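Proteins get letters first, then strands, A, B, ... in listed order; numbering begins at 1 in each. Not measured: the values here are computed from a predicted model.
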2 protein chains.
Amino acid sequence: MYSDIQFAGDRPVSMQVKDYMKRLMITGALQANQKLPSTRELSLLMNVSRNTIVTAYADLVEEGFIYAVKGKGNFVTQSAGGFAAEEGGGKQLDWSERINDMARTAEEHDLMKHGIRAKRGAISFTSIAPDEKLFDLHNVKRAFLDRMSLEGNIILNYGYAKGYKPLIEFLMRYMENKGIDLAGKDMLITNGFTEGFDLVLSALGKRSGHALCENPTHHTAIKNLKMHQFAITGVDMEPDGISLEQLEEKLGSQEYDLAYLVPSYHNPTGIVMSHEKRAETVRMLNDRQIPIIEDGFNEELRYSGAHVAPLLAYGGNRNNGTIYLGSFSKILFPGLRVGWILADKELIDYLESVKRARTIHTSTLDQSLLYQYLHNGNFEKYLKRAKAEYKRKYELAVESCKTYLPLKRLSGDGGLHLFVEFEESFSTRELLQASTEQGVLFTPGDIFYTDGGGRHTMRLGFSRVSDENIVKGIQIIGDAAKVILGR
Amino acid sequence: MYSDIQFAGDRPVSMQVKDYMKRLMITGALQANQKLPSTRELSLLMNVSRNTIVTAYADLVEEGFIYAVKGKGNFVTQSAGGFAAEEGGGKQLDWSERINDMARTAEEHDLMKHGIRAKRGAISFTSIAPDEKLFDLHNVKRAFLDRMSLEGNIILNYGYAKGYKPLIEFLMRYMENKGIDLAGKDMLITNGFTEGFDLVLSALGKRSGHALCENPTHHTAIKNLKMHQFAITGVDMEPDGISLEQLEEKLGSQEYDLAYLVPSYHNPTGIVMSHEKRAETVRMLNDRQIPIIEDGFNEELRYSGAHVAPLLAYGGNRNNGTIYLGSFSKILFPGLRVGWILADKELIDYLESVKRARTIHTSTLDQSLLYQYLHNGNFEKYLKRAKAEYKRKYELAVESCKTYLPLKRLSGDGGLHLFVEFEESFSTRELLQASTEQGVLFTPGDIFYTDGGGRHTMRLGFSRVSDENIVKGIQIIGDAAKVILGR
């Protein structure tokens, strides 16, 4: 005892002594009212200065673990003697019985738990996160220090559920610059797209219990719609976006509580919905008063072609039924959890209260850092650089797919991923098994389908794969596919 | 047009020109295919360098808002001409009809919307947030820069739903040092206490639909239990914590899905539950297999007396039914949204998936900054300083209450607030009205009661009130109370 203490790292030594002594009390090695070694004795046993022990003992007194008796020494307090563990009841709970269907659905559809894991050294096309090598840390540090000097105290104390005001003002203008009429609209800052989506689904009343979306669509959206017990109706994709004939047909056969749409660089197909389809889709859904949840996913990653306005821009201030969910997480710093909801004022007012009840507010540090970074003009410069980099990878990936893959259709108009369709009878799960053996991973497309389809499809995320590995990896996948097809 | 541009602040001028031009296109002042002024013309009109205009035009091309025709100039693209607003449907939604009961409950119980607002210059005892003047910004900056230098790229990209590993390891050890046996337990990092509480309530299955808690209790807990449609049964408080007789009686009359308890510096009464009551409460609830949600609220703010272990420590590793929710938000930087859940491994595994589905993960920046700050030993030093400061205010507030208030009972064993009970017939709402007129605010106690009681009580938060104003404010409240009592 005592002489076996091991000092590690850069944590102050007196605190390590304090922690060590606490452990002895809590585990019962030191009992209630037992006398501690004198500071001189302990300093010799632990081989540290006596001052260090004096500090540690003072802290233990301060924290109520020991008490000092003048002229006699230090003693363990009654309640610190590790005896709490000996009391209390004994019956254990079976948590698997206590969990509800929502939590079970979340667990079952948790790709991080049940998805494919890349081994070290593997070439993985499963990620569509940004490439962290592009992050301009210097400007992030500057933005942080700028903001801290201006109002450090305010940033570190409680903020507002709606969000950090300067950031809201900046993003409102940013959205206005995409063509959105802000009259009658308001904004709520969220912890990224995902929280925004969950807040909206949580707050909407159920009527029919049915939700519309593109088929295939974002896996997280399918998961969250299921967690909220919506029945999902998917509408097939065409090269310029959702099939309007099928949308018309499905709208005729059923009532819907909401439609979830990803008009730009759609996940997983990478398709950009055309201007004409956007106008028509908004019209059809507005006419039936079906709320649209618009996922502004990767809207910023346009490599060519003209600007297309978000769905929320269509109909101007008459369109109060579209809820725009924005985020820079696929481009800029997803470790900072910041997204936004731009929608009708009345809806935002309710969502603000739900947000407050759930997480009080989004980290003010994240928000203020992001604001300062945007305000400094760093984002636009970063985006230029990132787009140049991703565009090169995109073109390389397209080229490689065309060269090496025995595919039927390739889609992806920009963004960070491509979508590949093989012939209908082909199984990308089988292909994944074969390519994994050769150290190459991708995301099988079936997880994005609302109807169990897509077994012949796959998504290739290239943002975090090197140029060399993009070519090499796609070639390996292609070779494996040809072997399977040749059987 | 053009010459009316107003440059503001420190945003790069070329970006301000770009924003201005975008607005003209979006509002329709510039129509599709219309020719833009030449760079030379515009530079004269806007009184900026021609290079600035060249940069702005290049950016507009890049973003797809304009296109260049060699030798002819720059033109507005087809889809940027503000015509999205003219399309789309016209039928508007009535959001108040679409909102569900949960969202409505959140809005109705939203104190930030419907609570008391302090006017400028008022003395307000409504806050129990930390005093930001105590924040050691220097060490926060250092922690940030330390962590950014070590792994800036990693911190800014996606992290794990469970949390930032070094922080989890630190907090696990921190909790162990409070006497908790970690065998069979695991931790999930959350966006503060509130998210932790909401995650647990969301994931627990409903059986009886009844929840137990102290009466009075934390207002947010009442709100969130109601949002999750639990019927609430309150158990009265005694000077050493919850009434065990009443607990026994209420346990006999009804089944419960969970108990929510605040054993230390209970909100709003400030009472610390005794060791004996902790042991007995855990035993009673464990025996009936009722999950305990333990709110570790302000546990760190002990000014005197011996250490008392958290409920989760009682019963050691046999106690798998207690869920500990921790946070430093009432002491340290609530603007950083970080809290933790320490509970049975199996439960944490489900909660991790729910957390991932809802917010992906808590800000890695917040987590890593907090970790580094803790690791550097700053927290313990800060806590010493903060406790000295709050203890002084606490003693001053106790003294002032005893001197000036015609009270029946005063409670609060530490922490950042006191709880005052007047005689039963007294109305603190009436008192609040009178004291507000004299510029002094407090929180009427009725909002903390589960049964409509507490109209003769109030909570006084002193953390953000100066010494001078503590005395002055309580004296004003006392004088107003005496006037009401004398009528």
Could you check which of [options] has the highest count of heavy-atom pairs closer than 4.5 Å to chain A?
{"options": "B:G316, B:P334, B:G205", "value": "B:P334"}
{"options": "B:R356, B:E195, B:E280, B:M112", "value": "B:R356"}
{"options": "B:L365, B:I99, B:T359, B:V354", "value": "B:I99"}
{"options": "B:Y67, B:F144, B:F135", "value": "B:F144"}
{"options": "B:T220, B:L312, B:N376, B:D344", "value": "B:D344"}
{"options": "B:I180, B:L374, B:L336, B:I360", "value": "B:I360"}

Legend entry - Under-4.0 Å salt bridge between B:K387 and A:E63: no
Legend entry - Charged N-O contact under 4.0 Å between B:R98 and A:E346: no
Which portion of [X] sits near chain B, non-hydrogen atoms under 4.5 angstrom:
{"X": "A:P310", "answer": "neither"}
{"X": "A:E97", "answer": "both"}
{"X": "A:K141", "answer": "both"}
{"X": "A:R207", "answer": "side chain"}
{"X": "A:T281", "answer": "neither"}
{"X": "A:T105", "answer": "neither"}
{"X": "A:D101", "answer": "neither"}
{"X": "A:L369", "answer": "side chain"}
{"X": "A:D198", "answer": "side chain"}
{"X": "A:K206", "answer": "neither"}
{"X": "A:I155", "answer": "backbone"}
{"X": "A:H361", "answer": "both"}
{"X": "A:K355", "answer": "neither"}

Minimum-distance pair of heavy atoms, taken over all atoms of [X] and [Y]:
{"X": "A:M227", "Y": "B:A357", "result": "SD-CB, 3.4 Å"}
{"X": "A:A103", "Y": "B:Y350", "result": "O-CD2, 4.0 Å"}
{"X": "A:T362", "Y": "B:R337", "result": "C-CG, 4.0 Å"}
{"X": "A:D366", "Y": "B:D366", "result": "OD1-OD1, 3.2 Å"}
{"X": "B:W95", "Y": "A:L204", "result": "CZ3-CD2, 3.6 Å"}

With a 4.5 Å cut-off on heavy-atom pairs, point out which of [options] contacts chain B the most.
{"options": "A:I290, A:V338, A:I154, A:L137", "answer": "A:L137"}
{"options": "A:L351, A:D131, A:N153, A:N224", "answer": "A:N153"}
{"options": "A:Y174, A:Y164, A:F333", "answer": "A:F333"}
{"options": "A:A106, A:A203, A:S363, A:S329", "answer": "A:A203"}
{"options": "A:L332, A:T364, A:L311", "answer": "A:T364"}
{"options": "A:N191, A:D257, A:L347", "answer": "A:L347"}

Does any heavy atom of chain A fall under 4.5 Å from the side chain of [X], the backbone, both, or neither of them?
{"X": "B:S14", "result": "neither"}
{"X": "B:L145", "result": "side chain"}
{"X": "B:T322", "result": "neither"}
{"X": "B:E176", "result": "both"}
{"X": "B:T190", "result": "neither"}
{"X": "B:R173", "result": "side chain"}

Can you tell me how far the [atom1] atom of [X] sits from the [atom2] atom of [Y], to the nearest 0.5 Å?
{"X": "B:K91", "Y": "A:L285", "atom1": "NZ", "atom2": "CG", "value": "12.5 Å"}
{"X": "B:S202", "Y": "A:R358", "atom1": "OG", "atom2": "CZ", "value": "5.5 Å"}
{"X": "A:L156", "Y": "B:E132", "atom1": "CG", "atom2": "CD", "value": "9.5 Å"}
{"X": "B:K178", "Y": "A:K22", "atom1": "NZ", "atom2": "NZ", "value": "8.0 Å"}

Legend entry - No-hydrogen, no-angle side-chain donor-acceptor test under 3.5 Å, A:D110 and B:S353: yes
Within the distance-only criterion (no hydrogens, no angle test), does the side chain of [X] pair as donor or acceptor with the backbone N or O of [Y] below 3.5 angstrom?
{"X": "A:N320", "Y": "B:L93", "answer": "yes"}
{"X": "B:K113", "Y": "A:D349", "answer": "yes"}
{"X": "B:R302", "Y": "A:E62", "answer": "yes"}
{"X": "A:Q289", "Y": "B:Q92", "answer": "yes"}
{"X": "B:N157", "Y": "A:P130", "answer": "yes"}

Legend entry - Within 6.0 Å of OH in A:Y160, more than 12 heavy atoms from elsewhere: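 Open.
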Residue pair [X] / [Y], side-chain heavy-atom distance below 4.5 Å:
{"X": "A:D59", "Y": "B:K384", "answer": "yes"}
{"X": "A:N177", "Y": "B:R23", "answer": "yes"}
{"X": "B:R11", "Y": "A:E380", "answer": "yes"}

